[in-house]
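Quick notes on the structure that follows.
Residue numbering restarts at 1 for every chain, and letters A, B, ... go by the order of the sequence lines. Worth saying up front: this structure is predicted, and the values here are computed from it rather than measured. As a basis for the values below, the full set of heavy atoms in this structure was taken, side chains included, without hydrogen atoms, waters or symmetry mates.
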2 protein chains.
Amino acid sequence: MSLRFAILGSLAVQPASGYDLVKRFDKTLNFVWWASHGAVYTELGKLQADGFVEPHETGPRGRQSFAISDAGQDALREWLRTPAVRHARDDLILRVFSLWLLDDDAAAAYLDDLATEFRGRLAEYESRVRDEPAPDSGTDGRAHAFDQLALSAGIAHERTMLAWAEDAARQVRAGED
Amino acid sequence: MSLRFAILGSLAVQPASGYDLVKRFDKTLNFVWWASHGAVYTELGKLQADGFVEPHETGPRGRQSFAISDAGQDALREWLRTPAVRHARDDLILRVFSLWLLDDDAAAAYLDDLATEFRGRLAEYESRVRDEPAPDSGTDGRAHAFDQLALSAGIAHERTMLAWAEDAARQVRAGED
DNA sequence: ACATACATGTAAATGGTTACATGATTGT
DNA sequence: ACAATCATGTAACCATTTACATGTATGT
């Protein structure tokens with residue numbers, strides 16, 4: 001259900017084609033959302049049928065970009081007012097509940113792998129903060145400021161999980177588990 | 001795909017019925033996983049067909065509990081060796097990317113709501129640590145130790161996100177966003 | 001007697017992934 | 001010429017939710 005709002009949110013910043021959207025998700029909000037192109041084209045079709053997006057420009061190779069409509073903006077604002085409840089499933093931590101089946105070395109090795117994973121993500125998000133271009137003149141930078149706010153949540157999360165994983169691996173090795 | 005391993009992991013600790021599993025998920029690993037009873041019964045059927053679980057006991061009201069089989073334990077251990085890659089979608093943070101559409105007061109109010117949500121979860125997980133009974137004599141407490149390890153990840157996460165949300169709301173109100 | 005909790009199962013619908021299928025443009 | 005990338009769309013499949021459907025045991 002949220003894919004449609006991820007799309008609307010992205011189009012609210014700037015019109016885009018399905019192709020663009022997949023790449024934008026991947027570049028900017030891949031730590032909270034992503035989409036396969038199959039899903040995006042399907043959802044764009046539905047959004048158009050609902051009148052939430054409108055064809056914007058056509059380009060070479062059948063390129064078709066879309067813009068958000070007024071109704072689409074209303075729907076997006078409405079969604080922002082609806083508090084989300086259930087938080088995400090987490091496959092990585094789910095495994096920790098079964099780690100007692102492995103011996104201490106193997107369990108600690110899993111936690112090491114987790115730490116490596118978190119370290120990599122953290123580095124990537126941090127570089128994204130540094131490399132982020134100053135917002136285009138012409139926009140007021142407000143959207144960009146909130147992008148950075150969201151990104152800082154991602155960074156805080158990865159940092160915390162990295163510390164947790166390192167400490168957990170240490171505990172398991174020390175037999176404190 | 002992970003539901004089957006959540007089930008196997010729970011059965012590895014102790015045999016259970018479908019009804020039990022839904023409640024166990026809800027009580028112990030609800031911050032990383034949950035399941036509707038419809039999904040659980042369906043998956044238990046498949047697991048039995050695959051030989052990963054076996055009927056254990058029958059009780060009143062058609063109660064049927066299952067135990068994990070040797071093949072099921074092997075599958076579970078195998079899954080633990082497979083590093084998970086993609087991390088979870090996060091609806092709550094996704095909204096932050098569109099918060100620039102609201103005025104500062106409304107955006108800050110959304111962040112306040114998030115903070116309240118995180119505060120509630122944090123309190124609940126912390127009480128879970130306190131109230132957790134000492135592991136049954138008869139088991140060696142190893143499974144319990146890893147439960148606590150996973151729970152500590154949940155606590156660290158909520159604490160971090162709470163601090164982030166409070167700070168973000170403050171920033172937005174101060175017009176620093 | 002009645003409410004509550006126990007207990008299971010399935011069908012329809014939803015949301016998404018993966019694979020299949022096609023073709024145009026650009027850069028080397 | 002050829003490879004890479006741009007660009008779209010759909011069909012089959014998968015996991016999960018929600019709703020429908022049923023019935024039993026326990027406690028008050």
- Query: Of the nucleotides C:dT18, D:dT5, D:dT18, which has the atom closest to the B:S36 side chain?
  - Reply: D:dT18
- Query: Taking for each residue the nucleotide of DNA chain C with the nearest heavy atom, is it A:H37 or B:H37 whose nucleotide lies nearer the 5' end?
  - Reply: B:H37
- Report which part of the nucleic acid A:R4 touches: base, sugar-phosphate, or nothing (heavy-atom distance under 4.0 Å, all strands). nothing
- Item | Distance in angstrom units between B:F25 CZ and D:dT17 P, rounded | 11 Å
- Task: State whether A:W34 places a side-chain N or O below 4.0 Å from either non-bridging phosphate oxygen (OP1 or OP2) of C:dT17.
- Result: yes
- Report the distance from atom NE2 of A:H56 to atom C1' of D:dA7, rounded to the nearest whole Å. 17 Å
- Query: Salt bridge or not for A:R81 and A:E78, using N-O below 4.0 Å?
  - Reply: yes
- Task: Please report, rounded to the nearest Å, how far the P atom of D:dT17 is from the CH2 atom of B:W33.
- Result: 9 Å
- Do NZ/NE/NH1/NH2 and the carboxylate oxygens of B:E126 and B:R130 come within less than 4.0 Å? no
- Item | Spacing of B:F66 atom CZ relative to C:dA7 atom P, expressed in whole Å | 14 Å
- Are any of B:S17's side-chain N or O atoms less than 4.0 Å away from OP1 or OP2 of C:dT8? yes
- If you look at every strand shown and take non-hydrogen atoms under 4.0 Å, does B:K23 touch a base, only sugar-phosphate, or nothing? sugar-phosphate
- Query: Taking atom P of D:dT16 as reference, at what distance in whole Å does atom CG of B:L44 sit?
  - Reply: 13 Å
- Task: Before accepting this row, confirm whether a basic side-chain N of the pair A:R173/A:D112 lies closer than 4.0 Å to the acidic partner's carboxylate O.
- Result: yes
- Task: Using the six-membered ring wherever Trp is involved, compare the ring planes of B:W79 and B:F5 and label them parallel, tilted or perpendicular (cut-offs 30° and 60°).
- Result: parallel
- Task: For A:Q64, answer base if it contacts any base atom (sugar-phosphate contacts may also be present), sugar-phosphate if it contacts only those atoms, and nothing otherwise; contact means non-hydrogen atoms under 4.0 Å.
- Result: sugar-phosphate
- Message: Just the rounded figure in Å: distance from P of C:dG9 to CG of B:L47.
- Response: 13 Å
- Query: In terms of the nearest nucleotide of DNA chain C, which residue is placed more toward the 5' end: A:G38 or B:R63?
  - Reply: B:R63
- Query: Between A:Y41 and D:dG9, is there a side-chain N or O to OP1/OP2 distance below 4.0 Å?
  - Reply: no
- Task: Kindly say whether B:Y19 contributes a backbone atom to a donor-acceptor pair with the side chain of B:Y41 at under 3.5 angstrom?
- Result: yes
- Item | Rounded distance (Å) that lies between atom P of D:dT16 and atom CZ of B:F5 | 11 Å
- Message: On the nucleotide C:dT25, are OP1 or OP2 found under 4.0 Å from the side-chain N or O atoms that A:R61 carries?
- Response: no
- Rounded to whole Å, the CG-C1' distance (B:D20 to C:dT8) equals 12 Å
